[in-house]
There are 2 protein chains.
Amino acid sequence: MTQITPSAAPAHEGGAACPMDYILRMLMGPWTTYIVYNLRTYGPQRFGELKRRVAGISAKMLTERLRTLEGAGLIKRDYEATIPPKVTYSLTPRGHELDEVLEKLAEVAIRWQSEDRANKGAELKAA
Amino acid sequence: MTQITPSAAPAHEGGAACPMDYILRMLMGPWTTYIVYNLRTYGPQRFGELKRRVAGISAKMLTERLRTLEGAGLIKRDYEATIPPKVTYSLTPRGHELDEVLEKLAEVAIRWQSEDRANKGAELKAA
DNA sequence: CTCGACAGTTACGATTTGGTACCTACTGGT
DNA sequence: ACCAGTAGGTACCAAATCGTAACTGTCGAG
């Protein structure tokens with residue numbers, strides 16, 4: 001995974017900053033938010049479905065991300081030992097708490113995007 | 001920087017997911033949130049001050065992160081060509097929009113942390 | 001009888017990353 | 001005279017990361 005907090009101690013001075021480390025370490029994986037986003041938008045999905053949806057991710061990465069998210073308790077893995085095996089991933093309640101944050105983030109992102117578009121338009125007009 | 005969206009097309013199906021890419025690409029840098037957090041908590045700071053505060057970061061990383069954040073318009077760099085030079089970094093209004101999100105995130109992070117502590121305690125008691 | 005799908009795992013290899021050490025140029029302290 | 005600090009830049013190198021390709025085992029389809 002991406003190394004967020006380095007080998008050296010992350011410092012605890014702030015106090016409030018520390019819990020963030022944990023949460024950020026997960027969200028920061030390359031595809032993580034994409035996966036959570038998909039799980040939340042399209043509901044529980046199977047491995048192959050998810051892989052097709054996230055388009056571009058390798059099976060390896062997807063597996064790794066899913067394991068990480070599962071380990072963090074954000075998603076649930078339902079394995080049915082049928083032949084062929086059926087594995088369904090879904091967000092846990094804890095996972096859903098996260099998309100509150102993602103929504104806020106998206107809100108800001110969208111605002112910035114439209115602001116940038118507006119500025120660009122204004123600049124072009126002024127020039 | 002950490003590669004969030006891979007070489008392959010990030011897919012635009014969702015529509016709402018795309019602006020996030022931009023914003024996440026920044027936040028996901030190793031120390032990024034730490035820096036923003038410090039800037040917001042302790043106010044505008046000079047390079048060395050920040051470096052001491054973030055404790056463990058190398059000058060190289062700090063410089064790189066600050067440049068990225070500056071380029072994204074999240075922080076402002078005030079260079080006074082005194083001897084010795086004095087460079088002060090501060091959050092821009094746009095940067096402050098972000099810490100709304102960080103607060104929400106911290107909120108969740110703190111909740112999880114206390115939940116985990118509670119669970120741990122319960123488990124120990126049950127055992 | 002061979003091929004594809006399912007849900008992965010493993011090995012290998014290239015790229016990227018981030019740390020360390022060393023450099024700038026100037027000043028103030030001892 | 002020499003060292004520390006200010007704000008970095010640069011080169012090199014080890015380590016981590018991520019993609020690709022090949023493998024697991026069983027089933028149904030062709």
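Every chain is numbered from 1 and lettered A, B, ... according to where its sequence line falls, protein lines coming before strand lines.
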Counting only side-chain nitrogens and oxygens, does B:Arg67 get under 4.0 Å of the OP1 or OP2 atom of D:dG8? yes
Between C1' of C:dA7 and CD of A:Glu70, the distance in whole Å: 13 Å
Would you call A:Glu70 and A:Lys76 a salt bridge, using N to O less than 4.0 angstrom? no
Report yes if at least one side-chain N or O of B:Tyr89 is closer than 4.0 Å to OP1 or OP2 of D:dG8; otherwise report no. yes
The side chain of B:Phe47 lies closest to which of these nucleotides: C:dC6, D:dG8, C:dG19? D:dG8
Between B:Glu107 and B:Lys104, does any NZ, NE, NH1 or NH2 come within less than 4.0 Å of an OD or OE carboxylate oxygen? yes
When you measure from the side chain of B:Met61, which nucleotide among C:dC6, D:dG19, C:dG19 comes out closest? C:dG19
Roughly, in whole Å, what's the span from NZ in A:Lys86 to P in D:dG25? 25 Å
Whole angstrom value for the distance that separates P of C:dT20 from CG of B:Leu62: 14 Å
Contact check, side chains of B:Leu98 and B:Leu27, non-hydrogen atoms, under 4.5 Å: yes
B:Arg46 vs D:dA7: side-chain N/O to OP1/OP2 distance below 4.0 Å: yes
Between C:dA25 atom P and B:Tyr79 atom OH, what is the distance in whole Å? 13 Å
Winner on side-chain proximity to A:Pro30, out of C:dT9, D:dT6, D:dC18, is D:dC18
Nearest-nucleotide check on DNA chain D, A:Ser58 vs B:Lys60; residue mapping nearer the 5' end is B:Lys60
Just how far, in rounded Å, is P of D:dT6 from CD of B:Gln45? 13 Å
According to a strict under-4.0 Å criterion, is A:Arg65 in side-chain N/O contact with OP1 or OP2 of C:dG8? no
Side chain proximity check, A:Phe47 to A:Leu62, heavy atoms < 4.5 angstrom: yes
Expressed as a whole number of angstroms, how long is the span from B:Leu50:CG to D:dT6:C1'? 14 Å
Interatomic distance, B:Arg77 CZ vs D:dA7 P [rounded to whole Å]: 10 Å
Tell me whether the NZ or CZ atom of B:Arg53 lies within the 45° cone about the ring axis of B:Tyr42 and under 6.0 Å from its centre. yes
Whole angstroms only, please: what is the CG-C1' distance between B:Leu66 and D:dA7? 11 Å
